[in-house]
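On a predicted model such as this, the values are computed, not experimentally measured, just so you know.
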Amino acid sequence: NSNGTNKHPQFGPKLLNGDQKSDSFARRQKIEQQRRSLPIASVEKRLVEEVRKNDILIIVGETGSGKTTQLPQYLFNGGFCRDGGTIGITQPRRVAAVTVAKRVAEECGVELGQKVGYSIRFEDMTSASTRIKYMTDGLLLREALLDPYLSRYSVIVVDEAHERTVQTDVLLGLLKDVQKKRSQKTLSESNNNGTLVKEENNGEGEGSSVSVVKPQLVRKLNPLKLIIMSASLDARGFSEYFGGAKAVHVQGRQFPVDILYTTQPETDCLDAALVTIFQIHLEEGPGDILVFLSGQEEIESIEGLVRENLKKLPEANQKVLILPLFSSLPSEKQMKVFAAAPVGFRKVILATNIAETSVTIPGIKYVIDPGLVKVRSYSPDSGIESLIVVKTSKAQALQRSGRAGREGAGKCFRLYPESRFEGLDDSTIPEIKRCNLSNVILQLSALGVDDILGFDFMEKPDRMAVIRSLELLYLLGALTDEKKLSDPIGHQMARLPLEPNDSKALILASQFDCLEEMLIVVAMLSVESIFYAPRDKLEESRTVIKSFSSPEGDHITLLNVYRASLEFLEKNKMENSKEKAEKNLRKWCKDNFINSRSLKHARDIYIQIRENVERMGLKISSCGDDMVPLRRCLAAAYFLNAALKQPDGTYRVLANGQIAEIHPTSVLRRAKSECIIFYNLVQTTRNYVRNVTRIDYLWLAELAPQCYALKD
Ligand code: ADP
Ligand code: MG
């Protein structure tokens, strides 16, 4: 009741005292003032008018101008939800959906999950009363499976379209079609006065995802409004794709940013970033620092190094707040980057690409840009997708430096020589050109689109990549000879919010009587770096980690970690409160060099996918301590990732002849098993396979005869 709108005043200790009241009043006033001073605020009326006039509108505006947080509120106030519909805003990234929804809920003075909410894979923070709903683009695609007209939405805003993630590209094509279909439907309905019975979620907030048809909300379906938002100033591509749709530009505000380059190429980017952080901290004036890093592992290792080095400084110089920002970080932690630092403190934000355009963090004056980004990469020749770190494009470098000039003049330190900048690609290649398409094909097939090459993509994927991805789905048994979803496997796989291989592993596991274990394995594989080994404690961590390790490989080692943590937690819960038990678990993780953030995330994923498979009616049973069924099941599902040992100790991937080594973090790195299956292939200077399990090569011919046969 801090917003003073509660109709039933409460008395007693819960009542806010005068100070708190004026505090929250002051905060609301400050937020109002911030909102009014955003560049987009001056064009509110015009934007609402344009949306009214145009069924498709493209809005282009510099990062930080207020598109994501403000436009949905303008549309809400402009009456676009009056018909009972919702405004859906899609984001390529989970973090953005969550943090922006929280901010907007605060701006509106409502509790998150009520009028304003978010929904991302494995986490639903919406209710029947949600009217402004932030979500990932992938999630909206899943909703389209259950609700082909997207009938709950009156407006859909595809945000960050310039990112051109594969999900965004698929969504754009789909929305074009949905809009057309819905116009036809509304036309025919207005002729016979029909109404549409809406399919409703049970709306119990987090975790609710059972779709039941409740004919409670009867709403006449209006045409769908579509808005495409982008931070790249070139709207032409989007406009052409949408048949010459109108584009409006929101003027941004940008202060000058001084760009500095290194004189020499840096060999160790982490080290260079570390040195630069301290150079800025000790030599430059006040202002927060934003460092762009490629992933959770890099962020956590720099986080440790900064902390260590800070301790060596005189106390007066230690006033630094180190704040990581990456996707799997718990959302309370994500929100910390937005709070102002205490007086005299400097914030150092260690972020992935998320801070490039998806979220705007106030207070940044210095940007450190190593010039790298982690992307998906797929080679149709090998049929293997991997994550690789590549140079950013010029457009990305400019976006990153722009983050330093939002509130005043700033500085950007590019950790590479100026000559390299000139050689960068102008813009990033859309993800659809460089990823495995099997998931997209599966989703589109489930939506009734069988001819993927004929689908109206903004940019067509490569023919070879399509063919290889179709082949994979066929080998997994998801598609029939006619390229239709198979029954039941294909349909089951399309329903699971996982990569096709992982879905197949779960479906098979119910037949191998090890679904309980496979759920844990898949959940643990879905998070980055379960183990955490600080550089200075490498040996100690290895010894401790050994206590979990299984001679069979990393999958079972991960299973052991999960089971051990659960056992610890259950025991602790008997003697302690839930909070205390969770706290003890974090301590246990630390002692065992386990990343408690990742483990927590894996636990949440486990709960969600377990619900998913239960709903599908798969039999959940356990193989107990016998790991053979689990390993056989891994071989049966990930057969394309099988590799045989070579005389020189390296491994040859059977499906494509690629040579790789076992990653140094694997428990099998010295074991040199004859035949292995791996979960991922990482390409750095060498090829490494990660998350590896020992299998019997005879299993391949037995369990994946569609792919392997024994000679003689
Ligand atoms: P755009 O989408 O155009 O890049 P946003 O709507 O994301 O812009 O951001 C508008 C403003 O809101 C920025 O000044 C940003 O600093 C502020 N903002 C966004 N999220 C938060 C948050 N969680 N806490 C505080 N300020 C925020
Ligand atoms: Mg935005």
Side-chain angles (χ1 to χ4, degrees), residues 138 140-150 166-167 169-178 180-181 184 378-385 432-433 435-511 612-613 615-618 633 635-641 655-656 700-709:
L140 186 60
L141 278 177
R142 302 216 141 257
E143 284 190 4
L145 285 178
L146 300 170
D147 178 9
Y149 292 101
L150 294 171
V166 63
Q167 302 282 26
D169 275 15
V170 175
L171 195 56
L172 290 177
L174 184 75
L175 287 172
K176 216 172 155 175
D177 194 45
V178 169
K180 212 182 298 156
K181 277 197 311 203
Q184 286 158 3
Y378 178 68
S379 124
D381 291 341
S382 69
I384 289 180
E385 183 179 89
I432 199 155
K433 292 276 196 195
C435 76
N436 179 344
L437 297 160
S438 48
N439 209 1
V440 170
I441 296 174
L442 204 54
Q443 284 177 332
L444 285 175
S445 304
L447 290 163
V449 180
D450 294 330
D451 176 19
I452 170 126
L453 282 168
F455 186 72
D456 180 14
F457 282 113
M458 195 165 158
E459 210 147 334
K460 290 239 185 281
D462 289 332
R463 209 185 157 76
M464 250 337 266
V466 172
I467 292 170
R468 286 310 292 251
S469 306
L470 282 168
E471 213 171 76
L472 170 71
L473 287 173
Y474 180 73
L475 288 173
L476 286 175
L479 291 184
T480 62
D481 290 341
E482 288 81 44
K483 290 199 239 152
K484 294 241 186 286
L485 278 189
S486 64
D487 202 19
I489 293 181
H491 286 279
Q492 286 176 327
M493 282 172 66
R495 278 178 65 186
L496 286 167
L498 297 166
E499 286 297 315
N501 271 327
D502 297 338
S503 302
K504 184 68 189 287
L506 294 181
I507 293 165
L508 282 174
S510 73
Q511 295 160 24
N612 272 303
V613 299
R615 219 178 304 136
M616 282 165 55
L618 293 184
C633 186
Y638 300 94
F639 54 87
L640 281 176
N641 293 358
N656 58 39
L700 291 172
E702 177 197 341
L703 301 170
Q706 68 275 44
C707 196
Y708 301 101

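- Atom CG in Asn436 sits 4.5 Å away from atom OH in Tyr378 (nearest 0.5 Å).
- When the salt bridge (Lys or Arg N to Asp or Glu O under 4.0 Å) test is applied to Lys484, the partners found at least two apart in sequence or on another chain are Asp450.
- Expressed to the nearest 0.5 Å, how far CG of Leu172 lies from CD of Glu459 amounts to 12.0 Å.
- Arg468 CZ: more than 12 foreign heavy atoms inside a 6.0 Å radius.
- Between Leu175 and Leu150, the closest side-chain pair of non-hydrogen atoms falls below 4.5 Å.
- Gln706 has its side chain within reach of Phe639: a pair of non-hydrogen atoms, C-beta onward, lies under 4.5 Å apart.
- Closest approach of Leu475 and Cys707 over heavy atoms only: CD1-SG, 4.5 Å.
- Pairing each heavy atom of Leu437 with each of Pro461, the nearest pair is CD1-CB, 3.6 Å.
- One distance of note links CG of Asp456 with CG of Asp177; it measures 8.5 Å at 0.5 Å rounding.
- The structure places CG of Leu453 at 8.0 Å from CD1 of Ile441, a figure rounded to the nearest 0.5 Å.
- Closest heavy-atom contact between Lys460 and Lys433: O-NZ, 3.0 Å.
- For the pair Ser445 (side chain) and Leu485 (backbone), a donor-acceptor distance under 3.5 Å is absent.
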- Give the intermediate values and the outcome of side chain to side chain contact (heavy atoms under 4.5 Å, CB included) for residues Ser510 and Val613. CA-CA 9 Å; Ser510 73; Val613 299; over 6 Å; no
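- Put simply, the side chain of Leu473 reaches to within 4.5 Å of the side chain of Pro500, judged on heavy atoms.
- Judged as a ring-ring contact (aromatic ring centres under 6.0 Å, His included), and not counting sequence neighbours, Tyr708 has no contacts.
- Residues Asn501 and Lys504 fail the side-chain proximity criterion, which asks for heavy atoms closer than 4.5 Å.
- Side-chain contact between Leu498 and Asn439 is absent, with no heavy-atom pair separated by less than 4.5 Å.
- Closest non-hydrogen pair, Leu703 versus Ala636, comes out as CB-CB, 3.9 Å.
- Nearest heavy atom pair, residue Gly490 against residue Leu442, reads O-CD1, 4.2 Å.
- Sparse packing is recorded around NZ of Lys483, with 12 or fewer heavy atoms of other residues, nucleotides or ligands lying under 6.0 Å away.
- Here the CD-CG distance, from Gln492 to Asn612, works out to 12.0 Å after rounding to the nearest 0.5 Å.
- One finds the CG atom of Leu700 at 10.0 Å from the CD atom of Glu702 (value rounded to the nearest 0.5 Å).
- The two atoms that bring Arg142 and Ala494 nearest to each other are NH1-O, 3.1 Å, heavy atoms only.
- For the pair Leu496/Asp502, no side-chain contact is recorded, criterion being any heavy-atom separation below 4.5 Å from C-beta on.
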